[in-house]
Amino acid sequence: MTGPGGSRIAAPSTRFIYESLPMRVIFGRGRTADLRSELDHLGLDRVLVLSTPEQQTTARKVADGFGGRCAGVFPGAVMHVPVDVADQAGRLASELGADGCVAVGGGSTIGLGKAIALRRGLPIIAVPTTYAGSEMTPIWGVTERGVKHTGRDRIVLPRSVIYDPELTTSLPIGLSVTSGLNAVAHAAEALYAPDTSPILDLMAEEGARSIVTALPHIVESPTDHDGRADALRGAWLCGAVLGATTMSLHHKLCHILGGTFGLPHAETHTVVLPHVLAFNLPAAPHAAAALERALGDADIAGALWDYARDLGAPTSLRELGMPPDGIDEVVRQAITVPYANPREISAAAISQLLLAAQQGLRPT
Ligand code: NAD
């Protein structure tokens with residue numbers, strides 16, 4: 001098989017297992033108003049609404065839409081789900097006799113819903129307001145004494161997801177861009193995942209394409225619902241492939257960087273992705289061909305770096321707060337436990353890659 005640039009491309013996987021996760025998606029402008037019928041659909045009568053402190057007003061407005069069936073609002077979600085916050089919200093759900101949760105927000109709020117689901121089995125309706133994609137995955141994470149523990153359990157997979165572009169027009173431009181590139185990272189690593197399949201390949205490529213097409217429109221016109229809808233459609237697809245495959249070096253490094261130095265999630269993904277792709281794609285020609293089609297450029301890593309910079313995203317780990325002497329610790333953690341990656345990992349290669357990301361160099 002020959003790729004767009006005439007290069008040889010490894011055939012897509014001809015032996016695979018494809019298992020779809022249950023998903024129910026309500027998509028479209030103003031569809032948050034359908035929450036009441038979603039509660040009917042799931043047989044829920046008293047739900048606890050979750051949000052971050054910053055999105056409390058939005059959450060209360062959403063809760064007003066289903067009146068007496070809101071048992072309460074917990075506006076205490078924070079990044080990486082600290083265990084005490086999960087315990088506090090879980091206790092409140094019990095005290096209020098809640099029979100489910102509605103998570104209105106990004107990955108942090110949906111993550112809190114998942115922690116409650118894991119502890120108490122309460123079903124979640126997710127109303128995502130970023131492009132992180134957590135609503136499509138059975139992956140949970142809880143942070144205890146500075147260490148984020150993660151796992152997969154289908155009980156945390158939201159039963160219904162409402163994608164409403166109206167709720168995303170308030171997402172600041174900077175976070176819109178980095179959150180979108182966080183989604184592209186899911187698609188990129190799904191394309192070379194050991195457990196990908198032709199169906200997931202299609203979803204990943206289209207997800208990446210939707211996001212990279214939408215973000216410049218969003219930067220230009222943040223309240224345009226069409227651009228926001230395209231980005232949400234991309235987030236859906238990228239989240240779905242994240243939930244269905246095994247992630248590799250990129251997600252590993254971002255997890256370590258976030259956990260060790262408290263670097264912000266979406267921004268860290270944005271800075272690291274071009275560097276990991278420069279390293280990995282020579283060993284993953286099928287993924288490279290899909291990303292080349294999605295981005296419209298054969299120099300995928302360089303083009304992605306330029307794209308992020310032109311949209312005003314950060315390009316260096318240094319500006320995100322990575323300490324100058326932090327690289328050795330990340331390398332140590334990144335090579336301690338083996339994991340899937342299309343290219344063999346060495347301490348020297350990761351160190352070089354991180355140094356370039358730390359300094360904000362354009363990958364070659
Ligand atoms: P976030 O949920 O932490 O949100 C970032 C900030 O943006 C918050 O202050 C939030 O209130 C605000 N915000 C969100 N949507 C907004 C909107 N529409 N308008 C105005 N403000 C808005 O950020 P995130 O990047 O979505 O989530 C990051 C977290 O999610 C991390 O902890 C990450 O590990 C986790 N995550 C988990 C999965 C999974 O599958 N489990 C997937 C992706 C991310």
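Atoms within each ligand, like the ligands themselves, are counted from 1 in listed order. Please read these numbers as outputs of a predicted model, since none were measured by experiment.
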**Message:** Distance under 4.0 Å to a non-hydrogen atom of Thr129: what atoms of ligand 1 satisfy this?
**Reply:** 14 (C), 15 (N), 16 (C), 17 (C), 18 (N)
**Item:** atom 19 (N) of ligand 1: nearest protein contact (heavy atom, Å)
**Value:** Ser170 OG, 2.7 Å
**Proximal ligand 1 atoms for Thr52, defined as those under 4.0 Å from one of its heavy atoms** = 10 (C), 11 (O)
**Minimum-distance protein heavy atom relative to atom 34 (O) of ligand 1** = Lys148 NZ, 2.8 Å
**Fill in**
Of all protein heavy atoms, the one nearest atom 4 (O) of ligand 1 is Thr130 CG2, 4.4 Å
**Centroid-centroid distance, His251 to His255, less than 6.0 Å** = no
**Fill in**
A student comparing Thr178, Leu175, Leu112, Asn182 should find that the heavy atom closest to atom 7 (O) of ligand 1 comes from Leu175
**Prompt:** Ion pair present between Arg209 and Glu205, side-chain N to carboxylate O less than 4.0 angstrom?
**Reply:** yes
**Item:** Proximal ligand 1 atoms for Thr137, defined as those under 4.0 Å from one of its heavy atoms
**Value:** 39 (C), 40 (O), 41 (N)
**Request:** Report, in ascending order of atom number, the atoms of ligand 1 lying under 4.0 Å from any heavy atom of Met79.
**Result:** 3 (O), 28 (C), 29 (C), 31 (C), 32 (O)
**Prompt:** At what distance is the nearest protein heavy atom to atom 9 (O) of ligand 1, and which residue and atom is it?
**Reply:** Glu54 OE1, 3.0 Å
**Prompt:** So which bit of Leu171 gets within less than 4.0 Å of ligand 1, heavy atoms only: side chain, backbone, both or neither?
**Reply:** both
**Asked** Considering only the protein, which heavy-atom contact is closest to atom 18 (N) of ligand 1, and what is its distance?
**Response** Leu167 O, 3.0 Å
**Prompt:** Got a salt bridge between Asp64 and Lys61, using NZ or NE/NH1/NH2 to carboxylate O under 4.0 Å?
**Reply:** no
**Non-hydrogen atom of Met136 closer than 4.0 Å to ligand 1** = no
**Prompt:** Is there a donor in the side chain of Asn280 and an acceptor in the side chain of His250, or the other way round, less than 3.5 Å apart?
**Reply:** no
**Request:** Could you find the nearest protein heavy atom to atom 1 (P) of ligand 1 and give me its residue, atom name and distance?
**Result:** Ser108 OG, 3.4 Å
**Request:** Look at atom 41 (N) of ligand 1 and find which of Ile139, Leu242, Ile110, Thr268 reaches it with the closest heavy atom.
**Result:** Ile139
**Asked** Under 3.5 Å, is there a donor-acceptor pair between the Gln55 and Thr129 side chains?
**Response** yes
**Item:** Side-chain ion pair, Asp40 and Arg69, N-O less than 4.0 Å
**Value:** yes
**Item:** Side-chain H-bond candidate by donor/acceptor type, Thr315 with Arg309, under 3.5 Å
**Value:** no
**Request:** Can you pull out the closest protein heavy atom to atom 14 (C) of ligand 1? Residue, atom name and distance to 0.1 Å, please.
**Result:** Gln55 OE1, 3.2 Å
**Request:** Heavy-atom distances under 4.0 Å are what count here, so tell me which part of His265 touches ligand 1: side chain, backbone, both or neither.
**Result:** side chain
**Prompt:** What class does the angle between the rings of Tyr163 and Phe27 fall in, given that below 30° is parallel, 30 to 60° is tilted and above 60° is perpendicular?
**Reply:** tilted
**Message:** Check this for me, if you would: do Arg119 and Asp87 make a salt bridge, where the nitrogen-to-carboxylate-oxygen distance has to be below 4.0 angstrom?
**Reply:** yes
**Prompt:** Do Glu329 and Thr260 have a side chain donor and acceptor closer than 3.5 Å?
**Reply:** no
**Asked** Is it the case that Ser248 and Glu189 place a side-chain donor and acceptor less than 3.5 Å from each other?
**Response** no
**Request:** Please write down residue, atom name and distance for the protein heavy atom closest to atom 24 (P) of ligand 1.
**Result:** Gly107 N, 3.6 Å
**Note: Asp306-Arg362 ion pair, threshold 4.0 Å (strictly below)** = yes
**Request:** Please state whether His255 comes within less than 4.0 angstrom of ligand 1, counting heavy atoms only.
**Result:** no
**Numbered atoms and elements of ligand 1 in range of Lys114, under 4.0 angstrom, heavy atoms** = 39 (C), 40 (O), 41 (N)
